[in-house]
**Q** 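Let me give you the structure first, and then I'll get to my questions.
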Amino acid sequence: MEKETLIEYCKSLNGAMIDQPFRKDSSTYIARHDDSRKWFAAIMERDSKVFINLKCDPNYGDFLRSVYKGITAAYHMNKWHWISVYIKSDVPDEMIMQLILDSFRLTENKKK
């Protein structure tokens, strides 16, 4: 999977938007809910590796970290509620897409 594919998939979710809020960092993309501006994904590069930070149920995140080398505690975010998923790792593309969708759902505004 390529970085551009991650960006396009995040952008395709209903009510999602992508921006680059950090002036000095042109390689980071933030996926947000258009209505609340809450983040559901941060696509970044570190040491020439592309990864995506995603919100995740803490117990499921712990399980995923035990199964995949390409899933770690989130870089530069809450380590309990967020995970980093490295693309071009042992994590299947379908799993990455599902984790993006899960993060999107976890961060959306709850309907009253």
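Only this structure's heavy atoms are used, side chains among them; waters, hydrogens and symmetry mates stay out.
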**Q** Please find the pair of heavy atoms, one from Thr107 and one from Trp39, that lie closest to each other, and give the distance.
**A** CG2-O, 3.4 Å
**Q** Does any non-hydrogen side-chain atom of Phe40 lie less than 4.5 Å from one of Ile100?
**A**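 Side chain of Ile100 against side chain of Phe40, heavy atoms only: contact under 4.5 Å found.
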**Q** Do Tyr9 and Ile30 sit in the same hydrophobic cluster, where Ile, Leu, Val, Met, Phe, Trp and Tyr count as joined when their side-chain heavy atoms come under 4.5 Å apart?
**A** no
**Q** I'd like to know if Met44 and Met1 are part of one continuous hydrophobic network [Ile/Leu/Val/Met/Phe/Trp/Tyr, side-chain heavy atoms within less than 4.5 Å].
**A**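 No, no single cluster joins them.
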**Q** Less than 4.5 Å apart, any side-chain heavy atom of Leu99 and any of Ile52?
**A** no
**Q** Hey, any chance Val67 and Val91 share a hydrophobic cluster, counting ILVMFWY side chains that come within less than 4.5 Å of each other, even indirectly?
**A** yes
**Q** Keeping the roles fixed (side chain from Asp90, backbone from Lys69), state whether a donor-acceptor pair exists under 3.5 Å.
**A**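 Between the backbone of Lys69 and the side chain of Asp90 there is a qualifying donor-acceptor contact (under 3.5 Å).
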**Q** Checking side chain to side chain contact (heavy atoms under 4.5 Å, CB included) between Ile87 and each of Leu6, Asp93, Thr5, which is the one that passes?
**A**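 It is Leu6; the other options fail the test.
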**Q** Are Val85 and Tyr68 joined in one hydrophobic group, where the rule is that I, L, V, M, F, W and Y side chains link up if heavy atoms are under 4.5 Å apart?
**A**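 As far as the 4.5 Å side-chain criterion goes, Tyr68 and Val85 are connected within one cluster.
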**Q** State, yes or no, whether a side-chain contact exists between Tyr60 and Ile83 at a heavy-atom distance under 4.5 Å.
**A**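 Answer no - side chains too far apart.
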**Q** Nearest 0.5 Å please: distance from the CG atom of Asn59 over to the CG atom of Leu64.
**A**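 That separation rounds to 11.0 Å.
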**Q** Take Lys38 and Glu108 through the test salt bridge (charged side-chain N to carboxylate O under 4.0 Å, His left out) and record every step on the way to the result.
**A** CA-CA 8 Å; Lys38 282 184 185 177; Glu108 66 187 347; over 6 Å; no
**Q** So, for Glu45 and Ser27, which heavy atoms are closest and what is the spacing to 0.1 Å?
**A** OE2-CB, 3.9 Å
**Q** Do Arg32 and Asp19 have side chains that approach each other closer than 4.5 Å (heavy atoms only, starting at C-beta)?
**A**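 Arg32 vs Asp19: side chains touch.
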**Q** Write down the atom of Tyr75, the atom of Ser84, and the distance for their closest heavy-atom approach.
**A**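 For Tyr75 and Ser84, the tightest heavy-atom pair comes out as N-OG, 2.9 Å.
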**Q** Distance check, rounded to the nearest 0.5 Å: Glu8 atom CD versus Leu13 atom CG?
**A** 11.5 Å
**Q** Can you give me the closest heavy-atom contact between Ile71 and Arg65, atom names plus distance?
**A**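 Heavy-atom minimum between the residues: O-CG, 3.5 Å.
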**Q** Would you find a donor on one side and an acceptor on the other, under 3.5 Å apart, between the side chain of Asp34 and the backbone of Met17?
**A**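 Side chain of Asp34 to backbone of Met17: no pair is present.
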**Q** Side-chain contact test, heavy atoms from C-beta onward, threshold under 4.5 Å: evaluate it for Met97 versus Leu101 and give yes or no.
**A**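 No; the side chains remain at least 4.5 Å from each other.
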**Q** Measure the CD1-CD1 distance between Ile43 and Ile7 for me, rounded to the nearest 0.5 Å.
**A** 5.0 Å
**Q** Are Ile96 and Trp82 connected, step by step, through hydrophobic side chains (Ile, Leu, Val, Met, Phe, Trp, Tyr) whose heavy atoms are closer than 4.5 Å?
**A**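 As far as the 4.5 Å side-chain criterion goes, Trp82 and Ile96 are not connected within one cluster.
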**Q** Determine the minimum heavy-atom distance between Ser26 and Gln20, stating which atoms define it.
**A**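 Heavy atoms of Ser26 and Gln20 come nearest at O-NE2, 2.7 Å.
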**Q** Minimum heavy-atom separation for Leu106 and Cys56, please, with both atom names.
**A** CD1-CA, 3.8 Å
